[in-house]
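Working notes, structure below.
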2 protein chains.
Amino acid sequence: MGFEFAPRTLSLLSHAETICAGRGVRLTDLRRQVLGLIVQSEAPTGAYELLDRLRATRHNAAPPTIYRTLDFLLENGLVHRLERLAAFVPCIAHDHPREQAHEPGCENPGHAAQFLICRRCKRVVEIADPALADALAEAAGRAGFTLGQTTIEAEGICAACDAAGK
Amino acid sequence: MGFEFAPRTLSLLSHAETICAGRGVRLTDLRRQVLGLIVQSEAPTGAYELLDRLRATRHNAAPPTIYRTLDFLLENGLVHRLERLAAFVPCIAHDHPREQAHEPGCENPGHAAQFLICRRCKRVVEIADPALADALAEAAGRAGFTLGQTTIEAEGICAACDAAGK
DNA sequence: GCCGCGTTGTTCCAATGTAGCATCCATGAC
DNA sequence: GTCATGGATGCTACATTGGAACAACGCGGC
Ligand SMILES: [Zn+2]
Ligand SMILES: [Zn+2]
Ligand SMILES: [Zn+2]
Ligand SMILES: [Zn+2]
């Protein structure tokens with residue numbers, strides 16, 4: 001069934017179709033719809049806010065509905081979870097020039113990413129800085145640590161808000 | 001009133017006294033006791049687990065008791081909160097050779113720190129790597145971002161577990 | 001058709017965190 | 001000493017976030 005989406009949303013959604021096809025997993029209506037809700041949001045969105053919006057079209061959605069769907073999207077690298085906000089943003093890795101490959105043995109398909117969160121407009125910038133990832137890997141190595149998944153998030157003021165804000 | 005603490009705990013506690021005296025805030029019995037519980041823990045500890053332990057001696061403690069106390073300890077840089085775990089660890093900044101100064105205008109007294117979390121033994125290593133902090137500051141700068149507080153946490157396997165684990 | 005398995009529905013519950021207001025108590029002014 | 005003040009704590013109730021367990025559905029291959 002068809003839902004109405006903006007061009008950018010459609011682009012990310014079609015990319016998601018490609019990803020899922022390549023991984024042999026099913027991007028169902030529910031999953032596509034939740035991904036669409038996340039992509040359409042200007043700011044990171046909490047699970048229960050997504051649930052509320054989902055209920056506009058899917059009356060019987062419940063917490064497990066949204067959490068299972070989010071798990072799927074996370075496992076397949078289509079969205080990220082911001083730990084500081086307990087909220088979700090779409091992954092825009094395909095906007096990056098070269099998608100960062102994972103070190104072997106890392107179970108999670110999501111790439112290593114970093115996030116800049118504007119405390120004023122609430123918007124988030126996803127970056128994938130190899131220097132940053134390397135610096136963390138090196139610091140971990142010095143501590144004798146075998147690195148798994150990493151969380152790098154910073155809160156601050158984005159360029160637009162900085163310019164606007166006097 | 002006196003509680004029984006191990007030497008390491010006493011050392012961190014006396015350091016906390018110094019910090020609070022210098023900042024003109026009061027390290028009350030409750031706050032000292034909660035800090036002691038956190039320091040005594042081998043692994044990061046959740047708020048409700050701290051609350052349970054606190055109730056052994058303070059029967060009428062409730063969620064606000066522990067959260068307000070944790071807020072105080074966080075505001076004064078005596079503990080850290082691990083976002084990935086929703087749990088708390090003592091700050092060991094005074095163990096570092098030089099305590100990292102804050103960039104001016106940063107409201108929070110806590111220093112910039114990074115954490116390595118062992119998924120096997122659950123222990124956490126706090127590091128304060130200037131190269132890592134700088135790399136993030138630089139990446140933020142390139143994105144036109146004015147940096148505030150940062151969260152850098154990595155999950156993995158610590159050296160001890162790596163050696164022990166076959 | 002029928003089975004098998006992944007997906008979704010449904011109910012209930014666990015864990016984490018906060019608002020609002022009352023009470024207590026340490027401190028300093030008088 | 002007394003009293004006023006403001007911070008610290010007690011206390012009730014609630015909000016938010018997340019997950020367990022089991023039933024029902026539905027699309028594949030056979
Ligand atoms: Zn991404
Ligand atoms: Zn902004
Ligand atoms: Zn610290
Ligand atoms: Zn370990």
Side-chain angles (χ1 to χ4, degrees), chain A residues 1 16-17 20-21 23-35 37-38 41 43-76 78-89 122 151 153, chain B residues 1 16-17 20-21 23-35 37-38 41 43-76 78-89 122 151 153:
Chain A
M1 82 184 68
E17 297 281 3
C20 289
R23 295 172 58 88
V25 295
R26 292 168 48 193
L27 188 59
T28 62
D29 281 340
L30 174 62
R31 290 164 178 172
R32 189 172 14 251
Q33 196 178 348
V34 171
L35 179 55
L37 289 174
I38 296 172
S41 299
T45 315
Y48 277 78
E49 189 179 335
L50 289 170
L51 179 56
D52 282 343
R53 295 188 197 165
L54 185 61
R55 280 178 168 147
T57 62
R58 196 176 277 258
H59 184 55
N60 49 1
T65 310
I66 197 72
Y67 279 103
R68 283 188 300 223
T69 306
L70 287 168
D71 283 346
F72 173 88
L73 297 174
L74 287 167
E75 281 166 13
N76 291 283
L78 300 173
V79 305
H80 294 285
R81 179 194 148 92
L82 299 181
E83 302 291 338
R84 288 180 70 100
L85 306 179
F88 300 84
V89 291
K122 310 301 179 193
T151 297
E153 299 173 11
Chain B
M1 83 184 70
E17 297 281 3
C20 289
R23 295 171 58 88
V25 295
R26 294 168 47 196
L27 188 59
T28 62
D29 282 339
L30 173 61
R31 290 164 177 172
R32 190 171 15 249
Q33 195 178 348
V34 170
L35 179 56
L37 290 174
I38 295 172
S41 299
T45 315
Y48 278 78
E49 189 179 336
L50 289 170
L51 178 56
D52 282 344
R53 295 188 197 164
L54 185 60
R55 280 179 167 145
T57 61
R58 195 176 279 257
H59 184 55
N60 49 0
T65 309
I66 196 73
Y67 279 103
R68 283 188 299 225
T69 305
L70 287 168
D71 283 345
F72 173 89
L73 297 175
L74 286 167
E75 280 166 14
N76 290 283
L78 300 173
V79 305
H80 295 284
R81 179 193 148 93
L82 299 181
E83 302 291 337
R84 290 179 68 102
L85 305 180
F88 301 83
V89 290
K122 310 300 181 196
T151 298
E153 299 173 11

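Just so we're on the same page: letters track the sequence lines, and every chain starts at 1. All figures in this text were calculated on a predicted structure; none of them were measured in a lab. For the numbers below, each heavy atom of this structure counts, side chains included, while hydrogens, waters and symmetry mates do not.
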*Using only heavy-atom distances, determine whether the side chains of A:Thr151 and B:Glu83 contain a donor-acceptor pair under 3.5 Å.*
no

_In this structure, how many angstroms lie between the P atom of D:dT9 and the CZ atom of B:Arg55, rounded?_
16 Å

*Interatomic distance, B:Glu75 CD vs D:dA8 P [rounded to whole Å]*: 10 Å

*Which whole-number value in Å describes the distance from A:Leu27 CG to C:dG6 P?*
18 Å

*B:Glu153: what forms a salt bridge (Lys or Arg N to Asp or Glu O under 4.0 Å) with it, not counting sequence neighbours?*
none

*When you check every protein heavy atom under 4.0 Å of nucleotides 22-27 of chain C, what one-letter string (B, S, -) results, 5' to 3'?*
----S-

*If we only count heavy atoms from C-beta on, is the B:Phe88 to B:Leu73 side-chain gap below 4.5 Å?*
no

Kindly give the atom pairs (protein nitrogen or oxygen, nucleotide nitrogen or oxygen) under 3.5 Å for nucleotides 8-16 of chain C.
| residue | atom | partner | partner atom | Å |
| --- | --- | --- | --- | --- |
| C:dT8 | OP1 | A:Thr28 | OG1 | 2.6 |
| C:dG9 | OP1 | A:Arg58 | NH1 | 3.4 |
| C:dG9 | N7 | A:Arg68 | NH2 | 2.7 |
| C:dG9 | O6 | A:Arg68 | NH1 | 2.8 |
| C:dT10 | OP2 | A:Asn60 | ND2 | 3.1 |

For nucleotides 24-26 of chain D, which of its nitrogen or oxygen atoms have a protein nitrogen or oxygen under 3.5 Å away, and what is each distance?
none

*Can you tell me how far CG of A:Leu78 sits from CZ of A:Arg32, rounded to the nearest 0.5 angstrom?*
11.5 Å

*List in chain and number order the residues that pass salt bridge (Lys or Arg N to Asp or Glu O under 4.0 Å) with B:Arg31, two or more places apart in sequence or in another chain; answer none if no residue qualifies.*
none

*List for me each residue that meets side-chain contact (heavy atoms from CB on, under 4.5 Å) alongside B:Ser41, sequence neighbours excluded, and say none if there are none.*
B:Thr45, B:Arg53

_Length of the line joining B:Leu70:CG and C:dG17:C1', which is rounded to integer Å_ = 11 Å

